[in-house]
Student: 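Take a look at the following structure, please.
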2 protein chains.
Amino acid sequence: MGVTKSNLFTKEVNQIAQLCKAMGHPARIAIIQELLIQKSCICNDLVIALPLSQPTISQHLKALKDTGIIQGEIEGASMCYCIAPKALIAIQTYFNQLVNQLNAIDTSCC
Amino acid sequence: MGVTKSNLFTKEVNQIAQLCKAMGHPARIAIIQELLIQKSCICNDLVIALPLSQPTISQHLKALKDTGIIQGEIEGASMCYCIAPKALIAIQTYFNQLVNQLNAIDTSCC
DNA sequence: TTAATTTATCGTAATATTGCAATATAATTA
DNA sequence: TAATTATATTGCAATATTACGATAAATTAA
């Protein structure tokens, strides 16, 4: 079928899955790294920095924006993108909780 | 084209992207949650617990196993799956570092 | 041995993703 | 105004993912 059956899972499970999915591409990880390094987060800087075409970068930026991981603001003829911490903190919190729970249980069953 | 150009990015970027991608599906998040809750991690328990067919679960388990997030051991006619902490700790570490760096910079440019 | 149970794999259909050329849109500069 | 610059969108081809029925393989139970 090819379509994820999101309706069969809880909101929380879907939310974390969606965030992980958005981070699940090297170009998008690289974009986040660039946004961390550069203080100026002009779209064109990313197009120059990354080895992909402008439309492809634009598409990845949209994917990150749609999940709330980054936000953009018009800056004259350019776009200024930056990280919106909330979403990344949500992922951080999820994995911190996961690893804490892991430490509490016996994982040596296999 | 439909094929991710992994060769254009660093090993580290590809590794974290791959791990995030593996966690980027609600069924796979749900599997991890079940493996945390249940001490017994018999495959069939997952098939019963999750609202997807047995072949689909098996496919998702393979995806998690291929990225090192879980491991499996033959238990008679069954398979015992459990979480392999190393990979999840790698994700945790990545997002902790990310959020730490975020706290250190001024993200108010947008 | 036969039947039942458990899991993996194959095959396939439907859909999603990736990437880019071409083009549209909007702001800036000459 | 015309040319340039910056970004988004469209359209499309190639590939990947998701889901499941059918089936294979291997163990266990009757």
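Labels below follow one simple rule: chain letters A, B, ... track the order of the sequence lines, proteins then strands, and each chain is numbered from 1.
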Student: Find the distance A:Ile29:CD1 to C:dT18:P and express it as a whole number of Å.
Tutor: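 So the two atoms are 12 Å apart, to the nearest Å.
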
Student: Nearest whole Å is fine: how far is C:dA16 P from A:His25 NE2?
Tutor: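 Interatomic distance, NE2 of A:His25 to P of C:dA16: 17 Å.
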
Student: Rounded off to whole Å, could you give me the CG-to-P distance for the A:Leu8 and D:dA19 pair?
Tutor: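 Result: 8 Å.
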
Student: How long is the line joining CG of A:Leu46 and P of D:dA8, in whole Å?
Tutor: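 After rounding, the gap between these two atoms is 10 Å.
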
Student: How close or far is atom C1' of C:dA27 from atom CD of A:Glu73, stated in whole angstroms?
Tutor: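 Spelled out: CD on A:Glu73 to C1' on C:dA27 is 16 Å.
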
Student: What does the list of N/O pairs under 3.5 Å between the protein and nucleotides 5-9 of chain C look like, with a distance for each?
Tutor:
residue	atom	partner	partner atom	Å
C:dT7	OP1	B:Cys43	N	3.4
C:dT7	OP1	B:Asn44	N	3.2
C:dT7	OP1	B:Met79	N	3.2
C:dT7	OP2	B:Asn44	N	2.7
C:dT7	OP2	B:Asn44	ND2	3.3
C:dA8	OP1	B:Tyr81	OH	2.4
C:dA8	OP2	B:Ser58	OG	3.0
C:dA8	N7	B:Gln54	NE2	2.7
C:dA8	N6	B:Gln54	OE1	3.0

Student: Could you give the CD1-to-C1' distance, from A:Ile48 to D:dT7, as a whole number of Å?
Tutor: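 Distance check: A:Ile48 CD1 to D:dT7 C1' gives 13 Å.
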
Student: Any side-chain N or O of B:Lys21 less than 4.0 Å from the OP1 or OP2 oxygen of D:dA16?
Tutor: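 For D:dA16, OP1/OP2 do not have a side-chain N/O of B:Lys21 under 4.0 Å.
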
Student: Nearest-Å distance, CD (A:Gln18) to P (D:dT18)?
Tutor: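 For the pair A:Gln18 CD and D:dT18 P, the rounded distance is 14 Å.
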
Student: In whole Å, what is the span from the CG atom of A:Asp66 to the P atom of D:dA8?
Tutor: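 After rounding, the gap between these two atoms is 12 Å.
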
Student: Rounded to the nearest 0.5 Å, what separates atom CG in A:Leu50 from atom CG in A:Asp45?
Tutor: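 Rounded to the nearest 0.5 Å, the CG-CG separation comes out at 10.5 Å.
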
Student: Base, sugar-phosphate, or nothing: which does A:Leu52 touch, judged by heavy atoms less than 4.0 Å apart?
Tutor: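 Contact class for A:Leu52: sugar-phosphate only.
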
Student: Is a side-chain donor or acceptor of B:Ser58 paired with a backbone partner of B:Gln54 at a separation under 3.5 angstrom?
Tutor: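 No, the answer is negative, given that no donor and acceptor are paired below the 3.5 Å cut-off.
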
Student: Roughly how far, to the nearest 0.5 Å, is CD of B:Gln92 from CD of B:Gln97?
Tutor: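 Separation between the atoms: 10.5 Å.
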
Student: Is the shortest heavy-atom distance from the side chain of B:Ile91 to the side chain of A:Ile91 under 4.5 Å?
Tutor: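 No - every pair of side-chain heavy atoms lies 4.5 Å or more apart.
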
Student: Under 3.5 Å, sequence neighbours excluded: what are the donor-acceptor pairs made by side chains of residues 20-30 of chain A?
Tutor:
residue	atom	partner	partner atom	Å
A:His25	ND1	A:Ala27	N	3.0
A:Arg28	NE	A:Ala22	O	2.6
A:Arg28	NH1	A:His60	ND1	3.0
A:Arg28	NH2	A:Lys21	O	3.4

Student: Decide if atom CD of B:Gln18 counts as having more than 12 heavy atoms of other residues, nucleotides or ligands within a radius under 6.0 Å.
Tutor: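 Not buried by this count: 12 neighbours or fewer within 6.0 Å.
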
Student: Which residue, A:Ala63 or A:Ile74, contacts DNA chain C at a nucleotide closer to its 5' end, judged by nearest heavy atom?
Tutor: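 In this pair, the answer is A:Ala63.
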
Student: Can you tell if the side chain of B:Met79 reaches within under 4.5 Å of the side chain of B:Ile74, non-hydrogen atoms only?
Tutor: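 Counting from C-beta outward, B:Met79 and B:Ile74 do come under 4.5 Å.
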
Student: Taking only side-chain nitrogens and oxygens of B:His60, does any of them come within less than 4.0 Å of OP1 or OP2 of D:dA19?
Tutor: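 B:His60 to D:dA19 OP1/OP2: side-chain N or O found under 4.0 Å.
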
